[in-house]
*Asks:* 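This is the structure, below, for whatever I ask next.
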Number of protein chains: 2
Amino acid sequence: MKDLLKQINKAFDNKIRLGIMSVLVHKKSATFNEIKELMGLTDGNLSSNASVLEEGGYIEIKKQFIKKKSNTSYHITEKGKISFKLHLDALSKIIQGKYDTKS
Amino acid sequence: MKDLLKQINKAFDNKIRLGIMSVLVHKKSATFNEIKELMGLTDGNLSSNASVLEEGGYIEIKKQFIKKKSNTSYHITEKGKISFKLHLDALSKIIQGKYDTKS
DNA sequence: ATTTTTACTTTTTTTTGCAAAGTAAAAAAA
DNA sequence: TTTTTTTACTTTGCAAAAAAAAGTAAAAAT
């Protein structure tokens, strides 16, 4: 169990960031407003949590202009995919009690 | 997704408390030292997180003396069982992308 | 008798989360 | 056309939470 806890990735150990990663795993890409609406987040909350994921290299934030309007979209990176899977694997083992009760 | 996030129970949304609950779901009862060793926690960390779970009514903390030595054991409550299940159900749906991409 | 260890709890410090305020550009209104 | 509002975000600041450190008390060892 001790080692499983160490495999819990701090970047994903927060419901908002877990949610963002989940969306991006399933959709490959989503815009600021899509995620904001879907998750019912405030602007600041989404922005700062997305930054944490970007700083860790788990997502990429692309800024472009669509009809003179700025448009921010989020994409999962290869590192993000791999790391998120490892995190979920550890989480799943903790939940399912797949650890030795001795160590 | 928004509603699933609301179903995430703050008391369980922390890896240490999630771990404690997982142990108690699977073992029904465990002592302070068992959990401490199993999870590799410091005394203070276990004590304070267990208190949070107790204050929420999710676990019961029993103190007794075994051969002149104090012995603290943790037990899951009925409320704890039900609430933890609901939490895991929501978590699982978020992870598996079981939410409408419209709301 | 004094020191160390065991079994915790409480206090202090550090980190994190979140809302509110801030920024900048476009669009709408006056 | 200038002013106001809306859109699309980011940054700041404070409260809450987590972790570490310090504290307590009793038992066991020296």
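So you know, we letter chains A, B, ... as the sequences are listed, proteins then strands, and number each from 1.
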*Asks:* Within this structure, what is the NZ-CG distance for the pair Lys36(A) and Asn45(A), rounded to the nearest 0.5 Å?
*Replies:* 11.5 Å

*Asks:* Measure the OG-CD distance between Ser51(A) and Glu55(A) for me, rounded to the nearest 0.5 Å.
*Replies:* 6.0 Å

*Asks:* To the nearest 0.5 Å, tell me how far Leu24(A) CG sits from Ile76(A) CD1.
*Replies:*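 It comes to 6.0 Å.
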
*Asks:* Between residues 5-27 of chain A and DNA chain C, which residues have a heavy-atom gap below 4.0 Å?
*Replies:* Lys10(A), Asn14(A), Ile16(A), Arg17(A)

*Asks:* Can you give me every donor-acceptor pair (side chain of residues 13-20 of chain A, partner residue at least two apart or in another chain, under 3.5 Å) with its distance?
*Replies:*
from     : atom 1 : to       : atom 2 : distance (Å)
Asn14(A) : OD1    : Ile16(A) : N      : 2.8
Asn14(A) : OD1    : Arg17(A) : N      : 3.0
Arg17(A) : NE     : Ala11(A) : O      : 2.6
Arg17(A) : NH1    : Asn49(A) : OD1    : 2.8
Arg17(A) : NH2    : Lys10(A) : O      : 3.4

*Asks:* In the strands shown, is dA30(C) matched to any nucleotide by a Watson-Crick or G-U wobble pair with both distances under 3.5 Å, and which?
*Replies:*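 Because both required distances fall under 3.5 Å, dA30(C) counts as paired with dT1(D).
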
*Asks:* What is the per-nucleotide protein-contact pattern of nucleotides 24-30 of chain D, from the 5' end, where B denotes a base atom under 4.0 Å from a protein heavy atom, S denotes such proximity for sugar-phosphate atoms only, and - denotes neither?
*Replies:* ---SS--

*Asks:* Using salt bridge (Lys or Arg N to Asp or Glu O under 4.0 Å) as the criterion, list what pairs up with Asp89(A), not counting sequence neighbours.
*Replies:*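 By the salt bridge (Lys or Arg N to Asp or Glu O under 4.0 Å) rule, Asp89(A) matches Lys85(A).
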
*Asks:* I'd like to know if Glu37(B) and Lys2(A) make a salt bridge, using a cut-off of under 4.0 Å between side-chain N and carboxylate O.
*Replies:* no

*Asks:* To the nearest 0.5 Å, what is the distance between CD (Glu54(A)) and NE2 (His75(A))?
*Replies:*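 Separation between the atoms: 11.0 Å.
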
*Asks:* Return each pair, listed once, that meets ring pair (Phe, Tyr, Trp, His ring centres under 6.0 Å) where at least one residue sits in residues 13-65 of chain A; pairs must be two or more places apart or across chains.
*Replies:*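 Of all non-adjacent pairs touching residues 13-65 of chain A, those that pass ring pair (Phe, Tyr, Trp, His ring centres under 6.0 Å) are Phe12(A)-Tyr58(A).
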
*Asks:* Side-chain heavy atoms nearer than 4.5 Å, only ILVMFWY residues, links allowed to pass through others: does that put Ile61(A) and Leu46(A) together?
*Replies:* yes

*Asks:* Quick one: OG1 on Thr77(A) to CG on Leu53(A), what's the gap to the nearest 0.5 Å?
*Replies:* 9.5 Å

*Asks:* In residues 44-60 of chain A, what residues come within less than 4.0 Å of DNA chain C, judged by heavy atoms?
*Replies:*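 Output list: Gly44(A), Asn45(A).
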
